Protein chains: 2
Amino acid sequence: MNKRSATIRDVAREAGVSVASVSRALNGQSNVTEATRERVRAAAAQLGYVPHVGARNLSLARSGAIGVVLPDLHGEFFSEVLRGLDRGASAHGFQLLLSNMHVDSELSAAAIGAMNGRVDGLVVMAPHLPPNLLAAMLPPNVPAVVVNPVGEVPPAAQIVRVDNVAAARAMTEHLIDIGKRHIVHLRGPRGNIESDLRERGYRDAIAAAGLTARVLEGDFTEEGGIAAARTLIADRQGADGVFAANDLMAIGVVPTLRDAGLNVPEDIAVGGFDDTPLARLVTPALTTMRIEMVDLGLDVINRLVRLMESREPDAPYLRLPALVVRQTTGAAHA
Amino acid sequence: MNKRSATIRDVAREAGVSVASVSRALNGQSNVTEATRERVRAAAAQLGYVPHVGARNLSLARSGAIGVVLPDLHGEFFSEVLRGLDRGASAHGFQLLLSNMHVDSELSAAAIGAMNGRVDGLVVMAPHLPPNLLAAMLPPNVPAVVVNPVGEVPPAAQIVRVDNVAAARAMTEHLIDIGKRHIVHLRGPRGNIESDLRERGYRDAIAAAGLTARVLEGDFTEEGGIAAARTLIADRQGADGVFAANDLMAIGVVPTLRDAGLNVPEDIAVGGFDDTPLARLVTPALTTMRIEMVDLGLDVINRLVRLMESREPDAPYLRLPALVVRQTTGAAHA
DNA sequence: TTCCCAATTGTAACCGGTTACACAGGTCCG
DNA sequence: CGGACCTGTGTAACCGGTTACAATTGGGAA
């Protein structure tokens, strides 16, 4: 219960050796007598010495941590990705330093800055960052992986993308395949790049099939889904399919439609996006595009680790979500 | 694109002032001429200087980070709590340094050690840590909040507990109240303190009501729930209620029972624990004990911040989960 | 004009580690 | 027996910031 933690000099004094020997002894270097090493160990134990990692990092110029910048943790998507990041980091012996990116870009820059001397690499997921800003705020000498960047990216950064356009197209085509002709897209919030890409994929597929597009504004929340479903019920323009830009909205849509007496999928089929753990468990189970989020996180870390070693980013890495057909577009359920 | 990041001395040289002035200028101290400050700002911008936070931490002896030690991120529970922690940390201007506690206690100790000079406070959630070990591995001078500790806790640490016993009792009593008499408990994994406490609450309530207890082994996974339900279906000992020690298992139990032709809740009622986001959304919606997980996380951070300031832990703080009655023990659903 | 004081600025010590280099002592060799 | 070499250890510089304290400067008071 000392007031101040013991430092390496305290241990050196206690053991009657120099700080260099203490450092060598405790870090398992070979050039120390077993006798000295033992004496140092004893002194360290005696004083309850725990190395000050921050100081060590400073002299070694490496921290054993990876910085993660996320828009927020609210919503399944980032929680799941974080799981993967965490697993990957653990596997490589890194810790994760988390920082929330606020909508305020001023603060975001500060948050990234606050990681500068503390992490060996950076993972940035910022689907709503104003283009060019990202490049400006990334510290120049920290290897970084950016996931689904919207604008310019510094050439030194590794890019990982989820192919939102192709995935959205696939979902839309699936709805068309099962015979739907009046498919409405419930998009995500404005200013979120992924929302835009998914809408683009939807429009592509609709246009290619010679149908007419109809897009409702959404916000990625369950409430948004409920509101959208109400709109559809009220106006009765004969929609027979809904492609929601994420699962949460789809999960709001389905029960609202059913409460209004519409059968899903017979009267209206519904597709989501993300394949959050929820999607499989709700009734009726939700058809969705599976992004292997945990895998994505793992992969991001692996690529970051590679980048930290080579300093040479690979070509952008593209992941294509897979269509998972369940009850909301499939056979009637029990 | 310099090879090495600019340091404060580079900026000082560029601006033609001393390092002290640079530090003062950039940190907004008052004793600097506006002219100097401007010159420093220009030089910093010119060189793309970003302060090295690790170095700053070392001299200030504070890091602006809170260490979080979790058993793993797998499972809704910790994800949700982490969300709360994250929100709280953000609000207080802290970042979160995450570390997974492995089952291997050797490694866990290392993980905690690896936080020593890098965090201002520690949050430890270790429902499966061998008693006394925790006390040994917590660095003596770092304020810590431990959540649901199992054994001895250093007197300097703040304790936050979820009253698992009372909550499990409440759920069991609820099942009794709705008329069930053969209530089986599906417990969590051995070696997890929360599993033990929930079982104890169940046994208390069963004993108080003069009924007979029956406990099945579980593992907190959906598959475990499915397996347990199969057991119940197979042996037909007339169970009319199941209290699963977490939602995930309950979510495995319910559809398995229904697939076997049993009505939930009429033939067998099912209760879960945690109120994960899933619980409300599955069909039939799950009756469960709500732990406000996000709130819990927030609260933990608030208490930690208070502890960091006062160095005086408050009395252990007890949270009591609330019973949320939904369809699996309530009225038949649509 | 001279002295004093406040406002700025610079120098250098410090945070707690790591490690290049110097040095002491012993071994082995010619 | 002297020198080359190897091993173990200590000294002190360094990582990149902050800040106590000293030094410098200019303005106002006496």
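These numbers come from the heavy atoms of this one structure, side chains and all, not from hydrogens, waters or symmetry mates. All values derive from a computational prediction rather than experimental measurement. Per chain, numbering begins at 1; letters A, B, ... match sequence-line order.
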For the backbone of [Y] and the side chain of [X], can you confirm whether one donor and one acceptor N or O come within less than 3.5 Å of each other?
X: A/Glu14; Y: A/Val40; result: no
X: B/Asn116; Y: A/Pro51; result: yes
X: B/Arg118; Y: A/Ser63; result: yes

task = Taking only the side-chain nitrogens and oxygens of B/Thr33, find out if one of them lies under 4.0 Å from OP1 or OP2 of C/dT9.
result =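 Yes, within the criterion.
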For [X], give me all partners under side-chain hydrogen bond (donor to acceptor under 3.5 Å, both in side chains), at least two apart in sequence or on another chain.
X: B/Asn192; result: none
X: B/Arg306; result: B/Asp314
X: A/Glu38; result: A/Arg41

query = Whole Å only: how far is the CG atom of A/Asn31 from the C1' atom of C/dA22?
reply =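 For the pair A/Asn31 CG and C/dA22 C1', the rounded distance is 15 Å.
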inquiry  = Just verifying a value: how many Å separate B/Asn100 CG and A/Arg83 CZ, rounded to the nearest 0.5 Å?
reply    =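 Answer for the CG-CZ pair, B/Asn100 versus A/Arg83, is 11.5 Å.
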query = Considering the terminal five base pairs at each end of the helix from C/dT1-D/dA30 to C/dG30-D/dC1, what angle separates the two local helix axes, rounded to 10°?
reply =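 Between the first-five-pair axis and the last-five-pair axis there is 60°.
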Footprint string (nucleotides 11-27 of chain D, 5' to 3'): B base within contact, S backbone only, - free, heavy atoms under 4.0 Å = BB--BBBBB--------
ask   = Under the salt bridge (charged side-chain N to carboxylate O under 4.0 Å, His left out) rule, what pairs show up with a residue in residues 28-37 of chain B, not counting sequence neighbours?
value =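 Output for this query lists B/Glu34-B/Arg37.
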